[in-house]
Amino acid sequence: MCNSNVKSAGVAQIDGRPVLQPAGNRVAAPEGARQLKKSLQKSLSMPASLDNAAVATTCTASPENTRAADFARAAAASLLPPPTPASVSAKATRVSGAKVAAARTAAAAAAMGGLDRSRKPAKKAGAAVLPVVTFAGLEAYEPAGSIAAAQREHVAMAQAQRKMRIAHYGRTASFSRVEGKVSSTATGAAELVAGAAVTGQDEKRCSFITPYSDPLYVAYHDEEWGVPVRDDELLFEMLTLSGVQVGADWTSILKRRHVYREAFSGFNVDAVAKYTEKQMASLSAEFGLDLGTIRGAVNNACRITEVRRDFGSFSKYVWAFVNNKPLSPSYKYSRKIPVKTSKSESISKDMVRRGFRFVGPTVIHSFMQAVGLTNDHLVSCPRHRVFSSSA
């Protein structure tokens with residue numbers, strides 16, 4: 001039988017447990033502290049010396065040795081620190097973190113449909129239904145406010161608009177309104193069709209006239225562009241403006257048209273032909289015009305004076321190139337209208353031979369379009385039909 005010194009130690013009761021320590025060393029446990037679970041006690045390390053002593057006392061199965069072993073275990077347990085609020089809260093945090101991770105895993109499995117894709121999630125009363133997204137054979141529920149949902153909605157709307165444009169290609173708003181009215185009533189069919197035709201003419205100008213075009217440019221297209229001109233002063237004006245228009249646009253030139261008229265004396269050929277170098281420099285400074293442009297206009301005025309002596313008028317000289325009849329190419333699309341033609345090249349060569357300036361093939365073709373030597377209005381434009389009938 002093995003002996004133990006456990007009996008020689010004083011036994012104290014702390015929280016109902018026998019502890020081998022003097023009675024004066026008893027420490028009261030903090031209020032509200034709870035005992036640790038056995039699993040947590042086992043997880044804590046125990047000194048090897050106490051463990052060996054406990055084993056040594058249990059070498060026999062006598063009642064005395066059994067009591068000694070119990071006292072040894074009680075002494076080892078007394079060395080464990082009492083549970084504190086901090087340790088309890090740390091344990092609660094670990095447990096709650098594990099629960100949150102488990103909840104997230106379960107939510108992800110439920111969102112992906114789990115292994116059984118045939119099962120559908122049960123709908124709760126009053127719960128919002130999330131859109132189902134299928135990708136690579138898997139179904140997932142997506143929040144309504146996500147970026148991907150907004151992008152898909154935008155793509156769907158764009159596709160719907162594209163289908164609508166394809167379905168109504170070639171139709172105008174006025175035609176659709178008239179078509180609806182004709183289908184609803186048969187009494188005013190003739191009046192509505194006539195009104196639609198007029199509206200269609202207004203809306204089917206040349207394609208380079210858009211709703212954003214300047215009203216001054218639109219008025220020039222409807223009233224001047226392509227109208228046959230046989231007046232020498234007006235021909236001289238359009239020849240000068242066509243040369244200035246190179247590198248610019250007609251809208252800006254038309255807005256400064258009054259400046260050119262005032263600087264060149266209303267485009268009086270005889271008056272401009274007599275301008276001196278001093279007058280040209282003064283006009284350039286006063287009206288802000290390029291001095292080269294002024295010199296070119298004065299030179300062309302002198303050349304027109306010479307042409308008048310040979311042909312009687314500048315108008316006869318110009319119109320002789322087209323046999324006194326406007327050309328009518330009948331273009332259907334504005335992209336088909338060239339910047340120069342063989343006719344403009346031949347006129348340009350003859351004018352350059354006579355000493356004219358700023359009369360390249362492109363400038364001469366623009367001049368021909370402006371003064372009606374060629375009818376370059378699109379066939380869909382009402383102005384084209386007007387000039388064709390008059391010719």
Side-chain angles (χ1 to χ4, degrees), residues 168-179 190-231 234-239 241-243 245-246 248-255 257 315-348 360-391:
H168 294 80
Y169 179 78
R171 296 184 179 183
T172 60
S174 60
F175 179 79
S176 301
R177 290 195 299 268
V178 170
E179 187 179 13
E191 297 178 0
L192 292 175
V193 171
V198 174
T199 307
Q201 289 181 1
D202 294 340
E203 294 180 352
K204 291 184 179 180
R205 293 186 180 97
C206 295
S207 59
F208 51 83
I209 300 295
T210 66
Y212 304 100
S213 298
D214 192 274
L216 184 62
Y217 184 53
V218 176
Y220 171 73
H221 168 272
D222 295 343
E223 299 173 6
E224 295 187 57
W225 195 70
V227 177
V229 177
R230 299 181 184 273
D231 181 72
L234 191 53
L235 288 172
F236 175 46
E237 177 183 0
M238 299 312 300
L239 179 64
L241 296 181
S242 298
Q245 186 262 341
V246 176
D249 60 285
W250 271 110
T251 303
S252 60
I253 298 301
L254 292 174
K255 289 181 179 180
R257 191 174 186 177
S315 174
K316 291 180 180 180
Y317 165 75
V318 171
W319 281 95
F321 286 100
V322 294
N323 296 325
N324 295 318
K325 183 179 179 180
L327 304 177
S328 184
S330 299
Y331 296 114
K332 294 183 179 180
Y333 307 101
S334 59
R335 64 176 180 271
K336 297 293 185 179
I337 302 177
V339 295
K340 62 180 180 179
T341 60
S342 59
K343 182 64 66 175
S344 67
E345 290 178 351
S346 62
I347 297 176
S348 173
T362 303
V363 174
I364 292 301
H365 185 66
S366 179
F367 168 72
M368 294 173 63
Q369 293 174 327
V371 299
L373 291 174
T374 177
N375 182 11
D376 279 359
H377 285 279
L378 300 182
V379 293
S380 59
C381 181
R383 300 295 291 173
H384 181 275
R385 292 188 290 270
V386 172
F387 297 145
S388 299
S389 60
S390 61

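Source: prediction; values computed, not measured.
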Asker: Might you point out which heavy atoms bring Pro326 and Gly372 nearest each other, and give the distance in Å?
Answerer: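 Looking at all heavy atoms of both residues, the closest pair is CB-O, 3.2 Å.
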
Asker: Describe, in one word, how the ring planes of Phe321 and Tyr317 are oriented to each other, choosing from parallel (under 30°), tilted (30 to 60°) and perpendicular (over 60°).
Answerer: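 Perpendicular: the ring planes of Phe321 and Tyr317 meet at over 60°.
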
Asker: Ignoring hydrogens and geometry, is there a side-chain-to-backbone donor-acceptor pair from Arg230 to Ser315 under 3.5 Å?
Answerer: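 The answer is no, because no donor-acceptor pair under 3.5 Å joins these two groups.
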
Asker: Could you tell me whether the side chain of Ser242 and the main chain of Met238 form a donor-acceptor pair under 3.5 Å?
Answerer: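 Looks like yes, one N/O pair under 3.5 Å.
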
Asker: To the nearest 0.5 Å, how far apart are OG in Ser366 and NZ in Lys340?
Answerer: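 The NZ atom of Lys340 is 14.5 Å from OG of Ser366, to the nearest 0.5 Å.
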
Asker: In Å and rounded to the nearest 0.5 Å, what is the OH to CG distance from Tyr333 to Leu378?
Answerer: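 Result: 10.0 Å between the selected atoms.
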
Asker: Going from SG on Cys206 to NE2 on His384, what distance comes out if it is rounded to the nearest 0.5 angstrom?
Answerer: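 If we round to the nearest 0.5 Å, Cys206:SG and His384:NE2 are 9.0 Å apart.
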
Asker: Could you state the interatomic distance from CD1 (Ile209) to OH (Tyr220), rounded to the nearest 0.5 Å?
Answerer: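 Atom-to-atom, Ile209:CD1 and Tyr220:OH are 10.5 Å apart.
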
Asker: Enter the distance from Asp231:CG to Phe236:CZ here, rounded to the nearest 0.5 Å.
Answerer: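 The CZ atom of Phe236 is 12.5 Å from CG of Asp231, to the nearest 0.5 Å.
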
Asker: Step by step, work out the side-chain contact (heavy atoms from CB on, under 4.5 Å) result for Ile337 and Gln369.
Answerer: CA-CA 11 Å; Ile337 302 177; Gln369 293 174 327; 3.6 Å; yes

Asker: What class does the angle between the rings of Trp225 and His377 fall in, given that below 30° is parallel, 30 to 60° is tilted and above 60° is perpendicular?
Answerer: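 Trp225 vs His377 ring planes: perpendicular.
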
Asker: If you take all heavy atoms of Lys336 and Tyr331, which pair is closest and at what distance?
Answerer: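 For Lys336 and Tyr331, the tightest heavy-atom pair comes out as O-CE2, 3.6 Å.
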
Asker: Please determine which of Leu373, Asp376, Asn375 meets the side-chain contact (heavy atoms from CB on, under 4.5 Å) test together with Met368.
Answerer: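 Per the side-chain contact (heavy atoms from CB on, under 4.5 Å) rule, the option paired with Met368 is Leu373, out of Leu373, Asp376, Asn375.
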
Asker: Please report the interatomic distance NZ(Lys255) to CG(Asp214), rounded to the nearest 0.5 Å.
Answerer: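 Going from the NZ atom of Lys255 to the CG atom of Asp214 covers 4.5 Å.
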
Asker: Of all the heavy-atom pairs spanning Phe367 and Val318, show the shortest one and how long it is.
Answerer: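 Heavy-atom minimum between the residues: CE2-CG1, 4.1 Å.
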
Asker: To check you understand the geometry: which heavy-atom pair defines the closest contact between Arg205 and Cys381, and what is its length?
Answerer: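 Where Arg205 meets Cys381 most closely, the heavy atoms are CA-SG, 4.1 Å.
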
Asker: Which residue, Ile253, Leu254, Asp249, forms the side-chain contact (heavy atoms from CB on, under 4.5 Å) with Thr251?
Answerer: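 So the option named by the test is Asp249.
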
Asker: Which heavy atom of Ile364 sits nearest a heavy atom of Ser344, and at what distance?
Answerer: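 Scanning both residues, the minimum pair turns out to be CG2-O, 3.8 Å.
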
Asker: Looking only at heavy atoms, what is the nearest atom pair of Arg257 and Glu237, with distance?
Answerer: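 Smallest interatomic distance, heavy atoms only, reads NE-OE2, 2.8 Å.
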
